[in-house]
Amino acid sequence: MTNTPSLSGSHPRPGRVLLASPRGWCAGVDRAVLAVEKALEQYGPPIYVRHEIVHNKYVVQSLQKKGAVFVEQTDEVPEGAIVLFSAHGVAPTVHTEAAERRLTTIDATCPLVTKVHREAVRYAAQDYDILLIGHEGHEEVIGTTGEAPDHITLVDGPGDVAHLRVRDESKVVWLSQTTLSVDETMETVDALKTRFPNLTSPPSDDICYAAQNRQTAVKKIAENAELVIVVGSKNSSNSVRMVEVARTAGTAAAHLVDFAHEIDESWLEGVTTVGLTSGASAPDVLVDDVLQWLAERGYNDVETVTTADESITFALPHELRRKRR
Ligand code: SF4
């Protein structure tokens, strides 16, 4: 495998694969999956997990085999049992419900989601109207909104901006879901700034480093590939955004697949260069399967296209750290 920091000057060769880097698991997903495994190891099965720990079919099925039980609501967990909250975060009411059922909780909310929760609490305490850019119904948006439901209004794209009502136009702030498309979010922010010239911005980016880095990398490979394959699940927000970013960057076709066997051979017709990447919740073993599938069809010249180095790691949730000590 060669490492190609820049594609300028390279010539397309038949059967080439451009492999994006960074891709795949981020620090928050790594921590959440490890938290379930450690909880199973320390307490034994079953460990209940509220919502899919991360939005990936393969990961969920693997953990189910080890003894994790996935539920959608807290009242599905037997009283007194152990429940782990997913990387997407939960509203404070979920903690209250868990306490009422005497559940032992382990909170695997990604620290970068927790950061957005804290911003929401802080701006609500200062009586701001908070415009949360995100996708309606997404687990993370539900959790963040739950921190300050009376102060937060969801903005699901520039189309929502004209209909917004706020109490005081001098006290309005925007926040965002962590896994959005950077370019689309900026379009929404521009529309908000036009509507509310005194709009306050968050102190730092809410879209996380992993989503941003994966979008930059997929953009780079999409400029030079006729087909882009993103490995990830359909309910994974950041993976879906990567497919959209690839299409916008100019590739002829971009598809999201959970597994190699979902790839349709007809996608390869007339394609000499395939771009390959994976969402922040997809493990690399699934990318290896796709590489194998492509190699069997003559795409065995693999070039890694690196646009950033990542070294971020997060410590395990404190409940598991205490137990380990
Ligand atoms: Fe955290 Fe970003 Fe990974 Fe989500 S995608 S778990 S916010 S690092």
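Both counts, for ligands and for their atoms, begin at 1 and track the order of listing. One-based numbering along the sequence shown.
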### Task
Dump the intermediate steps for side-chain hydrogen bond (donor to acceptor under 3.5 Å, both in side chains) on D183 and S181, then the final yes or no.
CA-CA 6 Å; D183 297 337; S181 145; 5.3 Å; no
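For atom 3 (Fe) of ligand 1, the set of protein N/O/S atoms nearer than 2.8 Å consists of C26 SG, ordered by chain and number.
Partner T145 forms a side chain to side chain contact (heavy atoms under 4.5 Å, CB included) with one of T153, L154, I152 and no other, that one being I152.
When the salt bridge (charged side-chain N to carboxylate O under 4.0 Å, His left out) test is applied to K171, no partner is found at least two apart in sequence or on another chain.
For the ring pair (Phe, Tyr, Trp, His ring centres under 6.0 Å) condition, no pair includes a residue of residues 192-238, sequence neighbours left out. Residue pairs that meet the side chain to side chain donor-acceptor pair (under 3.5 Å) test with at least one member in residues 22-33, sequence neighbours left out, are R23-D284.
For F85 and H51, the ring centers sit 6.0 Å or farther from each other.
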